[in-house]
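Written below as structure tokens is the structure these notes are about.
Source: prediction; values computed, not measured. Just so we're on the same page: letters track the sequence lines, and every chain starts at 1.
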Amino acid sequence: MAKVLTSKEENYSQWYNDLVVKADLAENSAVRGCMVIKPYGYAIWEKMQQVLDKMFKETGHQNAYFPLFIPKSFFSKEASHVDGFAKECAVVTHYRLKNSEDGKSVIVDPDAKLEEELIIRPTSETIIWNTYKGWIQSYRDLPLLINQWANVVRWEMRTRLFLRTAEFLWQEGHTAHATAQEAQEETKRMLEVYEEFAQNTMAVPVIKGVKTENERFAGAIETYCIEALMQDGKALQAGTSHFLGQNFAKAFDVQFANKEGKLDYVWATSWGVSTRLIGALIMAHSDNDGLVLPPKLAPIQVVIVPIYKSEEELNRISTVANKLKKELEKKNISVKYDNRDTQRPGFKFAEYELKGVPVRIAIGARDLEYNTVEVARRDTKEKETLSLVDLDAKIEHLLENIQNNIYQKAVDFRDSNITKVDSYQEFKNTLDNKPGFVLAHWDGTSETELKIKEETKATIRCIPLDNKLEDGICIYSGKPSKQRVLFARAY
RNA sequence: CGGGGCGUAGCGUAGUCCGGUUAUCGCGCCUGGUUUGGGACCAGGAGGUCGCAAGUUCGAAUCUUGCCGCCCCGACCA
């Protein structure tokens, strides 16, 4: 078989880059750091959106849309928020172009300078809280549960398709509540939505946790996250949910009259996941033959490939294939019948493996004779010949089976790559020899965390929420610790 | 943004050190035919501002300068 991808073992990051391009998910664009998401990659994002959007609606949220541009002055209102984003903001300074003197090029018209520069949103807290001020007067206006699907821009120095690009697509939820407790519950609720989505839909197991002060969102009181483990042993933050306290309400003066008629600042949350999830999806499941997609996110769940020697034979196969396609579609399974005459079967097999289609059905002359088809599953590469009788039900079951198998495989991988260590030496050895999550005692100080990061490049991914308390001593400082935290090198 | 490497057809490349007719090869593409149960084969064909700009020279893919872009390594990050 002709090799199209660099193997994971040879060069993991090259494998990833090759895969994204060869599977036709995305490519680099003419704009530095920005990607073009191609139809096949975008179809995966659309599926993610559909599932998430339904979950948001089910938890009481509504979609809305806020501007791409944010007046510069808004940023300075919340001090730690500016600090967090100032270094990576794109700024609009002018609103007009004109022809250059020699007529050969177009230049920015110096007479069209904006009085106040506009920042292209790196996130929307400021414009949204500025808006919420006008929407909230009374406890009767609360809670306010809004989500928006949007693009954001963070001027990244080093970019990688899906994992880190200057512009990316995401959703950001922004909610306002009457009490701290309610906002905290919202923060946790959405974290659970993300967890459920990652595990049930993406088949990616995640660990829920709280971020340390260093890793916290700029402007948040508390940042919760879901952390996933990639096949190379590096961690990837797959989603975050923030309890913002009254920080933004105070910065934008959003007060409400409570039941007692007293004015109080509202309590806020924000939460988001991005197209980075596609990167997580790729790195969690795929192999050296290409993408492995969980059926729930696969744009094409089943592909049917005819194998024929004459046009007459193709016609007979097509009759069977089209009938099967209809039956499967009745069960809400997305099917592609690839009857292109320009490609040979072997080529198509390889192509759909590269693109991660979960199930492939091949139908040839032999099958016509015996009323069978050859069914191949992408996750295990197993092939079997099945009767056409009740095939639609069997395929439906197979897709569920694949979804579960992919998830279980990822869980096993994750679980076997969490290592408990009790000394700094052991910690460093583990990072170098058995990459993955490392559970270790930490004294709770930023100072220790930063030292460890500096020396090992590992960061505290989170303090797991379901952590059991356990007395121990910090692997770095030797000071007492009440619980282990989750370390890893991360994307 | 600092250090290193690289830009030659849609993709991957040879040629660059040491300047010299018509820029190499493979994949892909087009046409015709034979094929079709794991990335087919034969024959013919099309496709190039050698990243951009300026300079040196009788002559530049090749030398010089500037710029742009990409990749890798660091600092920063979802």
Which whole-number value in Å describes the distance from [X] [atom1] to [N] [atom2]?
{"X": "A/Ile307", "N": "B/G38", "atom1": "CD1", "atom2": "C1'", "answer": "9 Å"}
{"X": "A/Lys309", "N": "B/A40", "atom1": "NZ", "atom2": "C1'", "answer": "13 Å"}
{"X": "A/Glu351", "N": "B/U36", "atom1": "CD", "atom2": "C1'", "answer": "16 Å"}
{"X": "A/Met190", "N": "B/A78", "atom1": "CE", "atom2": "P", "answer": "20 Å"}
{"X": "A/Lys211", "N": "B/A78", "atom1": "NZ", "atom2": "C1'", "answer": "9 Å"}
{"X": "A/Arg160", "N": "B/C76", "atom1": "CZ", "atom2": "P", "answer": "18 Å"}
{"X": "A/Lys234", "N": "B/A78", "atom1": "NZ", "atom2": "P", "answer": "15 Å"}
{"X": "A/His242", "N": "B/A78", "atom1": "NE2", "atom2": "C1'", "answer": "9 Å"}

Can you check the distance between [N] and [M], where both ends of the measurement are the [atom1] atom (answer in whole Å)?
{"N": "B/A9", "M": "B/A14", "atom1": "C1'", "value": "14 Å"}
{"N": "B/G2", "M": "B/A61", "atom1": "C1'", "value": "30 Å"}
{"N": "B/G12", "M": "B/A75", "atom1": "P", "value": "29 Å"}
{"N": "B/U21", "M": "B/G66", "atom1": "P", "value": "29 Å"}
{"N": "B/A40", "M": "B/G10", "atom1": "C1'", "value": "22 Å"}
{"N": "B/C52", "M": "B/G7", "atom1": "P", "value": "13 Å"}
{"N": "B/U34", "M": "B/G26", "atom1": "P", "value": "26 Å"}
{"N": "B/C18", "M": "B/U22", "atom1": "P", "value": "24 Å"}

Hey, does the side-chain of [X] have a donor or acceptor N/O within less than 3.5 Å of a partner on the base of [N]?
{"X": "A/Lys457", "N": "B/G74", "result": "no"}
{"X": "A/Glu353", "N": "B/G38", "result": "yes"}
{"X": "A/Arg360", "N": "B/G38", "result": "yes"}

Any strand counts, and the cut-off is 3.5 Å on both contacts for Watson-Crick or G-U wobble. Which nucleotide pairs with [N]?
{"N": "B/C29", "answer": "B/G45"}
{"N": "B/G2", "answer": "B/C73"}
{"N": "B/U36", "answer": "none"}
{"N": "B/U57", "answer": "none"}
{"N": "B/G19", "answer": "none"}
{"N": "B/G66", "answer": "B/C52"}

Where each residue is assigned the nucleotide of RNA chain B containing its nearest heavy atom, which of A/Glu167 and A/Gly346 is assigned the position nearer the 5′ end?
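The 5'-side residue here is A/Gly346.
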
Which residue, A/Arg276 or A/Asn28, contacts RNA chain B at a nucleotide closer to its 5' end, judged by nearest heavy atom?
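First, find each residue's nearest nucleotide; the 5'-ward one identifies A/Asn28.
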
Taking the side chain of [X] as heavy atoms from C-beta outward, which of [options] is closest to it?
{"X": "A/Asp367", "options": "B/G38, B/G37, B/G39", "result": "B/G37"}
{"X": "A/Ser274", "options": "B/A78, B/A75, B/C70", "result": "B/A78"}
{"X": "A/Arg158", "options": "B/G74, B/G37, B/G39", "result": "B/G74"}
{"X": "A/Tyr308", "options": "B/U36, B/G38, B/A78", "result": "B/U36"}
{"X": "A/Gln237", "options": "B/A75, B/G37, B/A78", "result": "B/A78"}
{"X": "A/Ala362", "options": "B/G39, B/C1, B/G37", "result": "B/G37"}

So is A/Lys234 actually on top of A/Tyr491's ring, under 6.0 Å and inside 45° of the axis?
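Checked: cation-pi criterion met.
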
Please determine if A/Lys451 forms a cation-pi arrangement with A/Tyr476, meaning its NZ or CZ atom is less than 6.0 Å from the six-membered ring centre and no more than 45° off the ring axis.
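No, cation not above the ring by the 6.0 Å, 45° rule.
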
Determine the contact category for [X]: base if any of its heavy atoms lies under 4.0 Å from a base atom, sugar-phosphate if only primed atoms, P, OP1 or OP2 are that close, otherwise nothing.
{"X": "A/Leu163", "answer": "base"}
{"X": "A/Ala238", "answer": "nothing"}
{"X": "A/Thr165", "answer": "base"}
{"X": "A/Gln343", "answer": "nothing"}
{"X": "A/Phe168", "answer": "base"}
{"X": "A/Asn17", "answer": "sugar-phosphate"}

Starting at CG of A/Leu169, measure out to CE of A/Met48 and round the result to the nearest 0.5 Å.
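The CE atom of A/Met48 is 12.0 Å from CG of A/Leu169, to the nearest 0.5 Å.
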
Distance (rounded to the nearest 0.5 Å) between A/Glu215 CD and A/Thr240 OG1
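If I round to the nearest 0.5 Å, the distance is 11.5 Å.
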
Determine the interplanar angle of the [X] and [Y] rings, folded into 0 to 90°, and report it as parallel if under 30°, tilted if 30 to 60°, perpendicular if over 60°.
{"X": "A/Phe248", "Y": "A/His81", "answer": "perpendicular"}
{"X": "A/Phe74", "Y": "A/Phe252", "answer": "perpendicular"}
{"X": "A/Trp170", "Y": "A/Phe168", "answer": "perpendicular"}

Does OP1 or OP2 of [N] have a side-chain N or O of [X] closer than 4.0 Å?
{"X": "A/Arg366", "N": "B/G37", "value": "no"}
{"X": "A/Arg32", "N": "B/C70", "value": "yes"}
{"X": "A/Arg344", "N": "B/G37", "value": "yes"}

Do A/Asp432 and A/Arg489 meet the salt-bridge criterion of a basic N to acidic O distance under 4.0 Å?
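Counted as a salt bridge, because a side-chain N and a carboxylate O are separated by less than 4.0 Å.
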
Give a yes or no on whether a salt bridge exists between A/Asp289 and A/Lys381, defined as a side-chain N under 4.0 angstrom from a carboxylate O.
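Yes, this pair counts.
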
